[in-house]
Each structure stands twice: as structure tokens, then as C-alpha cells.
Amino acid sequence: MSRYVVMTAIPYVNGRPHVGHALELIETDVLARYRRQRGDEVRAQTGTDDNALKNVQSAEAEGVPVESYVERVAQNFLSLGQALDLSFDDFIKTSSDPRHRPGVEKLWAACAARGDFYRKTYTGLYCTGCEQFYAESELVEGRCPEHGTVPDLVEEDNWFFRLSRYQDRLAEEISSGRLRVEPASRRREVLSFIESGLEDFSVSRSMKRARGWGIPVPGDPEQVIYVWYDALANYITAPGYGTDEARFAHWWTEADERVHVIGKGIIRFHAVYWPAMLMSAGVTLPSQIFVHEYLTADGAKISKSAGNAKDPGELAERFGADALRWWTLRDVARAGDTDYTDERLVTRNNEDLANNIGNLVNRTVSMVNRYRDGAVPALAADNPGAAELRRVRAGAEAQIAEAMDAYDFRRAAEVIVRVGDEGNRYVEAATPWVLAKAERKEDAPPAALDAVLAELVATCRELGRLLVPFLPGSAAKILRQCGDGGGRVAEPEPVFRRLELDPAE
RNA sequence: GGGACGGUAGCUCAGCCGGUCAGAGCAGGGGACUCAUAAUCCCUGGGUCGUGGGUUCGAGUCCCACCCGUCCUACCA
């Protein structure tokens, strides 16, 4: 058994969540549930990044205090926990969680003690939306490539972090695999960025420009800690850095794996700045960073203005949490962005869940009820007709383990569908209804049908077990209906409903 | 400008270190069955594996160039 910690990035809460957020939450949740099922000691964490300047502006625009604005919008993210059937152990809000500020201050003090901070005047083009400086050349027609807004020309005296000191050590950590960046193409991308030369970066903003929102720099009330420095710290402040050292040791320093799940847009912060900050402060580094791609929706980049920012809460309500979970796991490619459409979700749900797995469970449970009054026969020691089914069933767990280790959720999900396929094929080949008729009309012995039914129940139970991390709600239903390993099945009831799109769409 | 990753059947995609690698699923066509959520099973694919070269006995699978897409990175007029 090992100790496993997995974390999402914390989204800044301005605006509503979209399917892209759901993707990251679901992937992380599946990793956590998977490890728990295997018996590991697991801690899964998410939260919200509240201290961005953007929140101040939005709050001002609405004429409400920042605190209450942030509390309100954060609810949209918090509520996804239930809507998507997530199993996070912790949710940290950087503005109001009492654990956060002391930890950030401690981290700051540790970097300062190392001599990694210095003051410098900086002039640059700053995009408030990104909370990031851009070089002239990075802009698209003078506008932020992410937000399409004109960045502000900013000149101020800030604290800088000596990132340049850590260039070699960072390259070593990543190329050696001690800090594993996945997929490999992302690791190469990070390494080439590091090798191109790292420059110190600014880790504070003037109190004035931050409108007083954020965490003041210890010993310098004129400056506020840069929101990225602040936000990244959540990964250690939540487990107790700066507030509960015993807990922190347990859930960070002494954990066997510390895994970040992030989107491709913030690799630099997580694979370069963050490990460097930790090295500076003398804190253990994360062990893995899994980078996912982005989702588009209806063929376009997700944005509020395009009107395609699908609300995952609404999707889950409309199609079911497990249908949405299944889509993000089964249909999202590892390389390249994937387009979300309702149609794709519905197709996946109907093909894999309703028609394949759901129907197999349904026909199995129905037959056990019809032919054996719900009593599950004993599994035959020898069943030549089920050789292939047994082979596929027995191999699934290892194949899934391999896929999960590579963060290949799609392949893992496919393995489960293959088990369902083989189960359905077995039903056709074994024709239990013919065996039942033979018992009735020809007084045939029950052993043949017993063996088939037992094989099918075993398959459905295995499907339920394999699905636990992916579709927790539905997996529980399958297991319950199949008798939970006991001697009887329940009444048949469709586990997955067939979905339809409104004709209007 | 440099680099990464994609470009494989109508659609979504598998194809590791070169030799059943020309595939799966969906869609389409035909058939079977009835236990089941009009579900399932079987049969059915005349695709220049982005383009052009090269290496090799043999290349989606390696090399070079180019085109298209996406993404990193870069203060050259």
C-alpha cells in the first residue's frame, strides 16, 4: 500500500465552470478512486484561486465587496462536487481558508531566507486576465493571445524570485524522471523551455494595483504576493504546511506520490516555477505532473462570448453525472484538443453504457430471475465455451492498471467495454434460452444453464467492480443488482438510460 | 526563425523497437436470434496510411524536404 496525493489546479473563480473544468476534476477523481479501490491511502484535493486581480475588477463592476463576490462564484465550482459525483477529500479557497495565508507566508519566508528574493523595477505589458506579463512578440495584433484584450503597460518595483539559480537542478529533476511530466511530449517541451534559459520572475505586485486584494508580502506592506505564487502554494498549505506540520509531513513529504493534474496552458507554472519555489524553500517536490489537453465545444474554443461554455452542472443534470464522466474518460484524446458535443456524449453513453454494458447486466439479471428465481448458480470449474470470456475478464485489471499508470483513461475505459462486448458475445454463443427450453421440454439437467448464468453474473460483477472508479454511482447499481457477491440477484432494472437529443438541437 | 505533436476508411480514432499493419468503433448495407433498454450477435469496408523523394530484400512504421492543423519558444531588420 502506498500513500497517494492527487490535486487539480485551482481555477480562478471568475466566471462559471465549463466542461474543461469538468474534465480535470473527473480525471483527478478517477485517479483518486482508482487508488482507493486498490487499497492505497489517498488524498485528493481541489479548490479555488480567489486572489486574482480579475476578481477585484469583477466585484467592482458589480459594486459588491470582493469577499462576497468570490464566495458567490466559488459556489459554482464547489457545487460540481455533487453534480459530477466527485470524491475530493479537501477543497481549499485561497482567500478565506485559514490554512492558506500562514502557509504562503511561511513559504515566502523560506525562499527569502534562502536569499532568492530581490527587488527590481520592471516594465512590461500585463494581461490581467492571465495575471502574466507578455512580450510584445507574444501578442496578437497587440492583444493578449488568450483573452484578446489589450494588456496594460505596467511599471513598478516588485520582488523577484531567482529562478535562474534552479535551472540546472530543474532540468535534472525532470530529465531524470524524479519529477515525471506526462505525456512525454510535454516533458520535452518543458525541458526545452528550461534549457533555453530561465529568467527570474516577479513574485509580487504593488498593493495599489492589486487594490489591496491578496496576501501582503511579509515585511513589505506595499506589496502583495503575486497570485501565481500564492495560488501554487495551495498544494502545500491545504495539507498543512505552515499550520500543521505533522499533517503536512504525512500528506506531502512522506507521501509516495504527489500528483498534479493540470491543463496544458499552465505547464510552465507547475513544471518550472513551482518546483523551483519548493527547492528554494526546502520542500519536497511533486513526483508527477499530468498535463491534459483542452476541450473545445461545438467546434470552437470555449468562451463565454461564443456561447458554447457548456455548464457541466447542467450537462450532468440533463444526461447524468456518469454519462458526462464516461464521455470525458472514454472519448477525450490524449494528444490534441477534443471537441465536446452533446451528440458525442449521447452516442458514447448509448453505445457503451446502455446498449453494451447496461444491456448485458439487464439480460443477465433477467435470465437469472426468470430461469432460477434469482438464485445465482455456482461458477463451473471448467467451462470451455467461456474460455475467451474468462481470458478477457481476467486480463482486464492488469490492462487497466497499465493504462492508468500512463494516464490513458481512454484505453482503460475501452478495456471495460471489451469485457462487455465479450459478455454479450458469450450470451449469443451459449444461448441460455435454448438451454432453458431443453430443461423444460426435454428434462435436461440444469448444469449447462447453471454454468452459463454463473459465468454471466461473474462477468457483470467484474464489470461493476472495474467501473467503480469511473462511474461510481452506476457501478454501485450494477453490483447491487447482481447480488453484491451474494447468492441472489435483485430485480432487473436498467442501470443506464438511453439518451436522446431534443429534435430542436 | 527554432522546436513539439498531429495529418490512417464518411465520422472518431488504434497501429510499440520496420516484414498478417492496412485495423477498431460509429454511420451505411444484408442476415440471425429473442434472454434483454427496438437492445444483442454474424457478414459486409475499390482507404494512393498529408505530398514528394530516399534507406532497405521489404516502410503508416526509419531519413530528408515540403504542405496543412494545433501548441510551445524566440527583443532580425
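Residue numbers begin at 1 in each chain, while the letters A, B, ... track the order of the sequences. Atoms considered below: every heavy atom in the structure, side chains included; atoms not considered: hydrogens, waters and symmetry mates.
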Separation of the [atom1] atoms in [N] and [M], to the nearest angstrom:
N      : M      : atom1 : value
C41(B) : U34(B) : C1'   : 11 Å
U56(B) : C71(B) : P     : 40 Å
A9(B)  : G53(B) : C1'   : 26 Å
G60(B) : U20(B) : C1'   : 16 Å
A39(B) : G46(B) : P     : 27 Å
C66(B) : C21(B) : P     : 33 Å
U8(B)  : U12(B) : P     : 9 Å

Point to revise | Lys/Arg-Asp/Glu bridge criterion (N-O < 4.0 Å) met for Arg165(A), Asp200(A) | key: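 A salt bridge is absent here (no side-chain N lies under 4.0 Å from a carboxylate O).
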Check your understanding: Any salt bridge between Glu172(A) and Arg178(A), counting N to O under 4.0 Å?
Key ->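 Salt bridge flag = yes for Arg178(A) with Glu172(A).
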Check your understanding: Within 45° of the axis and under 6.0 Å from the centre of the six-membered ring of Trp327(A), does NZ or CZ of Arg348(A) qualify?
Key -> no
Are OP1 or OP2 of [N] and a side-chain N or O of [X] less than 4.0 angstrom apart?
X         : N      : result
Arg410(A) : U12(B) : no
Arg187(A) : A4(B)  : no
Asn355(A) : U40(B) : yes
Arg186(A) : A4(B)  : no

To the nearest Å, give me how far apart [atom1] ([X]) and [atom2] ([N]) are.
X         : N      : atom1 : atom2 : value
Asp421(A) : A14(B) : CG    : C1'   : 15 Å
Lys437(A) : C33(B) : NZ    : P     : 11 Å
Trp433(A) : C35(B) : CH2   : C1'   : 6 Å
Glu293(A) : C71(B) : CD    : C1'   : 8 Å

Practice item. For G60(B), decide between syn and anti, treating a glycosidic angle within 90° of 0 as syn. Key: syn
Exercise for review: For the pair Asn369(A) (side chain) and Val365(A) (backbone), establish whether a donor and an acceptor sit closer than 3.5 Å, ignoring hydrogens and angles.
Suggested key: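 Side chain of Asn369(A) to backbone of Val365(A): a pair is present.
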Practice item. May I have the step-by-step check of salt bridge (Lys or Arg N to Asp or Glu O under 4.0 Å) for Glu414(A) and Arg410(A), ending in yes or no? Key: CA-CA 6 Å; Glu414(A) 188 182 358; Arg410(A) 188 187 226 182; over 6 Å; no
